Amino acid sequence: MISSTGIPDVQQNMIHAPGGLFITVEGADGTGKTTHAGLLADRLRKEGRDTILTREPGGGGAVASALRELLLHGDDMADRTELLLFFAARSEHVAHVIRPAINSGSIVVCDRYTDSTLAYQGYGLNIPLEMIYRLHEIATGDLWPDLTILLDLDPAESADRLHDHNRMEGRGMEFQHRVRNGFLSLAETAADRYVIVPSSGPMEEVHAAVWDAVRARLPLQQTGCAGS
Ligand code: TYD
C-alpha cells in the first residue's frame, strides 16, 4: 500500500505456508468480539485445523503484556504516545506469534489488530490515517489479514455490556460512535478482505454467520476439500 521503508527481511511479507491463514475479528467495545473469536478458534480446531487464538493488545509475550497494562490501565498519555505503544505491542506480536504461526501453516485468529488502531486512534482520536498506515508498515512489515470479520452493533445496544473497565471504554458514547462508523468506512475501503456480521442476534446466529464467512476462505486441506 505504501512504499518500502527498508524494513529488515524478517519483518517483510512472506507467502503463507500451505494451510496458513490470518483472520482478525474486529468491532467496537461490547460487540462480542472476544466470545466470537473464541468460538471461531474452537470450531476451526474441531474441523482439524491447526489454529492459534491470540489478541491485541497483549499477545506476543512479556513486553506486549506490559504494554497492554500501560495502555489500558496506566495513566493518561498523549494520543501519539498511545498510538506508538499500540504499534510497539503489535510489532512484538507479529514477530513472535503471528508471522511464525502463519509461516508454519497455522490459522491465526486474532482478536483486534491494526484496523482497531485505525478505528480508535484514527477515527476516534482524529490521528491522520496516513500516519497509522505508515506505522503499520514499519511495525509489521505491512502484514494485513486475509480476512477481517467486523462485528457490528449500535453502541446504544453494546453500552449495556460495558462497565468502563479500561481507558478506551471510559471515553464515552460519542467516541464509540466514531469508532463504529470508522470500522464501517474501513470495511468499505478494504471490501475484499472484510465481512460485516451484525451482532445483535443470538450468539448461535452470529457464530453461524462468522463461520460461513470463514469457511468460504479456508485453504484446501491436504486430505481433501476443506470447509464442508
Ligand atoms: P480489551 O480489554 O482487550 O477489550 P476488547 O474485548 O474490547 O478488545 O481492551 C482493548 C481496548 O483497546 C479496546 O477498548 C480497544 C482498544 N484498542 C485501541 O484503542 N487501539 C488498538 O490498536 C487496539 C488493538 C485496541
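Each ligand, and each atom within it, is numbered from 1 in the order the structure gives. Please read these numbers as outputs of a predicted model, since none were measured by experiment. We're numbering straight along the sequence, starting at 1.
Of the protein's non-hydrogen atoms, F86 CE2, 3.3 Å is the one closest to atom 23 (C) of ligand 1. Of the protein's non-hydrogen atoms, T34 OG1, 3.2 Å is the one closest to atom 6 (O) of ligand 1. Of the protein's non-hydrogen atoms, R112 NE, 2.7 Å is the one closest to atom 8 (O) of ligand 1. Atom 2 (O) of ligand 1 has as its closest protein heavy atom R68 NH2, 3.1 Å. For atom 20 (N) of ligand 1, the nearest non-hydrogen atom of the protein is Q121 OE1, 2.8 Å. Here the protein heavy atom with the shortest distance to atom 9 (O) of ligand 1 is N166 ND2, 3.2 Å. Protein heavy atom at the shortest distance from atom 24 (C) of ligand 1 is R90 NH2, 3.6 Å. Here the heavy atom of the protein found nearest to atom 16 (C) of ligand 1 is M168 CG, 3.5 Å.
Taking only nitrogen or oxygen atoms, main chain and side chain alike, E82 does not reach within less than 3.5 Å of ligand 1.
Among F175, Y120, Y113, the residue whose heavy atom lies nearest to atom 15 (C) of ligand 1 is Y120. Between the choices T117, V25, T35, I132, the shortest heavy-atom distance to atom 22 (O) of ligand 1 belongs to T117.
Partner of R45 under the side chain to side chain contact (heavy atoms under 4.5 Å, CB included) criterion, chosen from I107, D50, T51, L40: T51.
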Stepwise side-chain contact (heavy atoms from CB on, under 4.5 Å) check, M203 with L39: CA-CA 10 Å; M203 194 172 78; L39 289 172; 4.0 Å; yes

Chi angles and distances behind the side-chain hydrogen bond (donor to acceptor under 3.5 Å, both in side chains) call for Y120, D29: CA-CA 10 Å; Y120 282 78; D29 294 288; 2.9 Å; yes

Step-by-step side-chain contact (heavy atoms from CB on, under 4.5 Å) determination, L151 to E26: CA-CA 6 Å; L151 295 179; E26 295 281 6; over 6 Å; no

Residues R90, T114; criterion side-chain hydrogen bond (donor to acceptor under 3.5 Å, both in side chains); working and verdict: CA-CA 8 Å; R90 184 161 302 131; T114 295; 3.3 Å; yes

CA sep, side-chain torsions, deciding dist, call: R43, H207, side-chain hydrogen bond (donor to acceptor under 3.5 Å, both in side chains): CA-CA 10 Å; R43 183 77 177 255; H207 173 63; 3.3 Å; yes

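Counting atoms of ligand 1 from 1 in the listed order, those under 4.0 Å from a heavy atom of D29 are 7 (O), 13 (C), 14 (O).
Only the side chain of L72 comes within 4.0 Å of ligand 1, counting heavy atoms alone; its backbone N, CA, C and O stay farther away.
At most 12 non-hydrogen atoms from other residues, nucleotides or ligands lie less than 6.0 angstrom from CZ of R80.
Using a 4.5 Å cut-off between side-chain heavy atoms of Ile, Leu, Val, Met, Phe, Trp and Tyr, with links allowed through other members, V109 and L147 fall into the same hydrophobic cluster.
Scored by the ring pair (Phe, Tyr, Trp, His ring centres under 6.0 Å) test, F22 finds Y113 as partners (sequence neighbours excluded).
For R55, the heavy-atom gap to ligand 1 stays at 4.0 angstrom or more.
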